[in-house]
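Note: hydrogens, waters and symmetry copies are ignored here, and every other heavy atom, side chains too, is used.
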Amino acid sequence: MQAKKRYLILFSTGACLILLFCLGGIQVPLSRRGPGRPHDRRLSGYGPGARWRHLSGYLQPFSSWEQDRSDDLTEHISPRQKRDANSGLYTGKRCRMESCFDFSLCERNGFKVYVYPQQKGEKLSESYQNILSSIEGSRFYTSDPGQACLFVLSLDTLDRDQLSPQYVHNLKAKIQNLPLWNGGKNHIIFNLYSGTWPDYTEDLGFDIGLAMLAKASISTENFRPDFDVSIPLFSKDHPRTGGEKGYLKYNTIPPYRKYMLVFKGKRYLTGIGSDTRNALYHIHNSEDVVLLTTCKHGKDWQKHKDARCDKDNAEYDKYDYREMLYNSTFCLVPRGRRLGSFRFLEALQAACVPVMLSNGWELPFSEIIDWNRAAVIGDERLLLQIPSTVRSIHQDKILSLRQQTQLLWEAYFNSVEKIVLTTLEIIQDRVLLHTSRSNLMWNSLPGGLFTLPQYSTSLRDFPFYYAKLGIKPPSKFTAIIHVVTPLVSQSQPVMKLLVAVAKSQYCAQVIVLWNCEKPLPAKHRWPATSVPVTVIEGESKVISSRFLPYNTIPTDAVFSLDEDTVLSTTEVDFAFTVWQSFPDRIVGYPARSHFWDSNKERWGYTSKWTNDYSMVLTGAAIYHKYFTLSYFLLKIMVDQMSNCEDILMNFLVSLVTKLPPIKVTQKKQYKETMMGQSSRASRWADPDHFAQRQTCMNKFANWFGTMPLIHSQMRLDPVLFKDQVSILRKKYRDIERL
């Protein structure tokens with residue numbers, strides 16, 4: 001009985017407690033995720049913020065406890081200092097393409113970039129003007145903001161150091177007044193320098209809102225992955241186009257140089273960035289590890305000089321920086337006041353493997369470049385281990401690292417134009433994800449800028465990757481015969497050429513490109529062949545139409561022929577078999593060369609038969625179909641001149657491949673026969689035509705910013721060519737017969 005009473009009392013007490021709790025009489029403390037941190041539904045998997053995975057150093061949470069803790073740590077800072085420090089914190093801290101970019105603007109016209117017109121009275125630095133010029137000269141540019149997918153400011157945002165003469169005042173108000181700003185959505189802001197003495201923070205002095213940053217010296221803490229783009233720090237003297245080539249002329253085995261590790265630069269006695277450079281003397285040995293610093297910079301350096309300054313300054317002056325750079329295996333790239341350094345690009349160009357000592361730096365173009373293949377990523381805290389680390393790297397690895405520095409330098413960094421285009425291509429790959437380039441395309445020759453995703457997303461469709469993929473080039477070609485004279489006789493050279501080409505065992509189709517002013521001949525006028533013959537009327541009758549990417553071309557290999565070319569079937573077969581071994585080059589018969597005329601200080605063009613050549617004319621040459629797409633983007637340059645289309649194609653292929661074309665052998669009378677045909681005799685003999693080609697050479701070199709043509713002394717002949725053996729033993733017999 002007493003047990004029943006006890007159970008009844010316990011039950012009544014429990015019921016009363018539950019009733020009090022429901023009526024609010026008792027409050028139960030909520031669970032906490034951290035000190036002073038209230039329960040957050042967003043962090044518990046509720047609400048729109050749940051899909052963001054927390055990454056330390058990348059995404060900073062919005063919860064109030066973080067702000068409270070920050071306030072506690074900085075309570076000694078004045079309200080004005082707090083306000084100034086927060087002025088550069090942008091509202092889009094957690095921006096990603098999916099949340100802060102309007103993809104609908106890119107759906108109608110593709111990836112187009114609009115540059116705001118320059119405002120009256122606004123001055124631009126030379127570097128920022130180069131950036132804008134590179135965009136306006138690219139295939140992405142549009143002058144219509146209604147067609148734009150991405151917007152670029154005409155206000156100079158490169159230098160946001162308040163002590164710099166390039167600093168633009170009142171930038172915040174100027175940007176907010178832009179009619180298309182829209183909170184920064186679909187905008188990109190370029191920046192090289194941010195913050196000022198003494199902290200050199202990443203504050204730009206205005207709220208960038210939802211805009212993307214293309215920024216140098218950006219930290220991993222502030223970098224927004226798949227949204228911002230880390231760019232290299234480059235000087236005002238960095239060339240706008242073209243750019244210098246890398247300094248690795250040939251490979252040495254073993255790949256060691258005079259010095260193992262070098263550095264020469266400023267030493268900061270106080271302030272941010274001083275720790276690492278101040279400690280370099282610990283590993284300097286004046287022999288193969290030469291790390292030189294000087295504190296002799298700035299107006300008041302003597303006020304802060306320490307006991308080592310005089311000794312350091314004296315030794316600093318003994319060495320020539322360029323000589324060290326070109327004769328060292330590794331180059332130290334420590335942080336300066338900011339995370340980035342000019343030493344980075346200097347080391348890449350010199351084929352001196354960069355040894356990075358800048359903790360927290362998001363390396364340039366890290367989204368696409370595998371820096372472990374071109375640099376040694378060190379740790380500032382482990383400085384004393386750097387010498388032993390670089391000495392332990394095997395010589396095969398050193399050779400690979402060095403070669404990769406040259407690839408990256410020439411593909412993405414040797415001009416402002418390439419830095420800008422790489423930035424835009426990265427963003428385009430994000431926008432058009434289904435056609436984005438693979439890691440192999442970005443990190444192997446010829447680089448991502450020369451593998452256009454409009455052509456294909458498959459590696460096997462490009463001429464550069466057959467060997468890497470272990471596949472053979474295609475076994476068929478399509479012949480394109482360019483016709484400019486009317487068809488009046490069945491004995492014309494074009495008829496003989498068509499029959500000879502169609503008989504080739506490798507020919508899949510013949511396309512006759514009719515660029516004649518006369519109407520198309522009747523179908524029965526063309527000779528009967530074992531392969532299909534398609535006659536196409538040229539677009540606007542312009543000479544460059546021979547290189548248009550026709551959808552009717554079923555093969556990767558294209559055999560380009562002029563109507564008066566004289567080739568036998570044997571010669572056609574041999575040229576194609578050679579091309580199969582070199583599918584990324586132009587392979588053909590008529591060769592030309594370029595030279596530098598020191599008297600006129602310009603490039604010259606010659607058709608003389610000499611011991612070298614740098615061009616193979618496309619009147620009888622094979623190339624990969626991929627190059628027709630690249631050519632199409634440049635064809636406006638030759639349409640105005642009705643000339644030089646073959647020179648431009650040679651410029652393009654050599655620019656992409658960094659290799660010369662390949663000349664194959666032919667019958668001795670080929671030159672005389674070709675030049676003697678009536679349809680072209682006047683053209684080749686015309687001095688104005690030749691002078692125009694001289695002009696083309698220089699216009700193209702200026703437009704590309706460099707001379708990409710490369711000389712070669714190699715000609716490929718059949719194995720038994722001219723050998724004193726029976727003609728019956730030779731595979732390509734007709735080549736030797738006159």
Side-chain angles (χ1 to χ4, degrees), residues 55-60 195 199-202 215-225 228 230-233 259-285 288-293 308 312 324-325 328-348 350-395 397-398 400-402 404-405 408 443:
L55 297 175
S56 177
Y58 285 81
L59 303 177
Q60 299 299 325
D199 296 325
Y200 293 94
T201 64
E202 296 181 37
K215 189 180 187 319
S217 306
I218 191 170
S219 66
T220 54
E221 181 181 2
N222 291 321
F223 181 77
R224 297 168 293 178
D228 293 333
S230 177
I231 63 175
L233 183 65
Y259 304 108
M260 176 60 67
L261 179 68
V262 300
F263 171 76
K264 187 178 183 182
K266 297 176 182 177
R267 177 161 69 89
Y268 305 108
L269 300 172
T270 60
I272 190 169
S274 60
D275 294 344
T276 301
R277 295 196 180 193
N278 277 344
L280 294 182
Y281 76 97
H282 288 295
I283 56 176
H284 166 76
N285 64 16
D288 63 341
V289 178
V290 181
L291 308 177
L292 307 171
T293 59
R308 290 201 342 264
D312 286 354
M324 292 171 59
L325 192 65
S328 181
T329 305
F330 296 93
C331 284
L332 198 67
V333 185
R335 63 162 296 156
R337 291 300 193 191
R338 298 174 178 88
L339 293 172
S341 168
F342 292 129
R343 298 293 179 267
F344 178 68
L345 290 187
E346 292 169 354
L348 281 183
C352 185
V353 180
V355 179
M356 314 305 300
L357 275 186
S358 186
N359 292 7
W361 182 22
E362 187 72 27
L363 294 180
F365 303 139
S366 55
E367 183 175 335
I368 58 165
I369 294 178
D370 181 2
W371 283 110
N372 289 318
R373 296 175 56 184
V376 178
I377 314 299
D379 190 324
E380 293 178 74
R381 298 165 297 183
L382 303 176
L383 173 64
L384 299 182
Q385 297 182 16
I386 293 296
S388 60
T389 299
V390 296
R391 292 183 200 281
S392 67
I393 299 176
H394 193 271
Q395 62 183 24
K397 178 65 174 177
I398 293 174
S400 175
L401 289 168
R402 184 177 293 165
Q404 193 70 1
T405 63
L408 298 178
N443 291 278

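With Trp371 contributing its side chain and Val376 its backbone, the two residues share no donor-acceptor pair below 3.5 Å. Remark: side-chain polar atoms of Asp370 are paired, donor with acceptor, to backbone N or O of Asn372 under 3.5 angstrom. Remark: side-chain polar atoms of Glu202 are paired, donor with acceptor, to backbone N or O of Ser219 under 3.5 angstrom. The closest donor-acceptor contact from the side chain of Ser217 to the backbone of Gly340 lies under 3.5 Å. A donor-acceptor contact shorter than 3.5 Å links the side chain of Arg335 to the backbone of Arg337. For the pair Ser358 (side chain) and Pro334 (backbone), a donor-acceptor distance under 3.5 Å is absent. Panel note: side chain Arg308, backbone Asn278; a donor-acceptor pair is recorded below 3.5 Å. Arg381 places no side-chain N or O within 3.5 Å of a backbone atom of Asn359 that could act as its donor or acceptor partner.
Taking both residues in full, the closest heavy atoms of Pro354 and Val333 are given as CB-CG2, 4.0 Å, listed atom of the first, atom of the second, then distance. Taking both residues in full, the closest heavy atoms of Ala374 and Gln404 are given as CB-CG, 3.7 Å, listed atom of the first, atom of the second, then distance. Closest heavy-atom contact between Leu233 and Leu345: O-CD1, 3.7 Å. The two residues Trp361 and Ile218 come nearest to each other via the heavy atoms CD1-O, 3.3 Å. Heavy-atom minimum distance, Thr405 versus Ala351: OG1-CA, 3.5 Å. Of all heavy-atom pairs spanning Ala350 and Leu325, the tightest one is CB-CG, 3.6 Å.
In this structure, Leu363 and Ile369 have side chains that are not in contact, with every pair of non-hydrogen atoms separated by 4.5 Å or more. Within the 4.5 Å cutoff, the side chain of Thr293 has heavy atoms near those of the Phe263 side chain.
How far SG of Cys352 is from CZ of Phe330: 8.5 Å, rounded to the nearest 0.5 Å. Residue Leu357 holds its CG atom at 6.0 Å from CD of Glu380, rounded to the nearest 0.5 Å. In this structure, Leu401 CG and His394 NE2 are separated by 12.5 Å, a value rounded to the nearest 0.5 Å. Distance NZ/Lys264 to CG/Leu280: 14.5 Å, rounded to 0.5 Å. Between the CD atom of Glu367 and the CD atom of Glu362 there is a distance of 9.5 Å, given to the nearest 0.5 Å. The structure places CD1 of Ile393 at 10.0 Å from OG1 of Thr329, a figure rounded to the nearest 0.5 Å.
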>> Test side chain to side chain donor-acceptor pair (under 3.5 Å) on Asn443 and Arg373; report intermediate values, then the result.
In response: CA-CA 9 Å; Asn443 291 278; Arg373 296 175 56 184; 4.8 Å; no
> Does the pair Leu384 and His282 meet the rule for a side chain to side chain contact (heavy atoms under 4.5 Å, CB included), with working shown?
Replying inline: CA-CA 7 Å; Leu384 299 182; His282 288 295; 3.8 Å; yes
> When you look at Leu332 and Arg343, which way does the side chain to side chain contact (heavy atoms under 4.5 Å, CB included) test go after all the steps?
Replying inline: CA-CA 8 Å; Leu332 198 67; Arg343 298 293 179 267; over 6 Å; no
>> If you apply the rule side chain to side chain contact (heavy atoms under 4.5 Å, CB included), what do you find for Ile386 with Val355, and how did you get there?
In response: CA-CA 9 Å; Ile386 293 296; Val355 179; 4.1 Å; yes
> Ser230 and Phe365: side chain to side chain contact (heavy atoms under 4.5 Å, CB included), yes or no, with the steps?
Replying inline: CA-CA 5 Å; Ser230 177; Phe365 303 139; over 6 Å; no
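For Arg391, the salt bridge (Lys or Arg N to Asp or Glu O under 4.0 Å) criterion is met by Asp288, not counting sequence neighbours. Every residue was checked against the side-chain hydrogen bond (donor to acceptor under 3.5 Å, both in side chains) condition with Gln385, not counting sequence neighbours, and none meets it. Residues that satisfy the salt bridge (Lys or Arg N to Asp or Glu O under 4.0 Å) test with Arg402, not counting sequence neighbours, are absent from this structure.
Among Leu339, Ile377, Asp379, the single residue meeting the side chain to side chain contact (heavy atoms under 4.5 Å, CB included) criterion with Met356 is Ile377.
A salt bridge does not link Lys215 to Asp228: none of the charged nitrogens lies less than 4.0 Å from a carboxylate oxygen.
A cation-pi arrangement is not found for Arg277 relative to Tyr268, the charged atom failing to lie both closer than 6.0 Å to the ring centre and inside a 45° cone about the ring normal.
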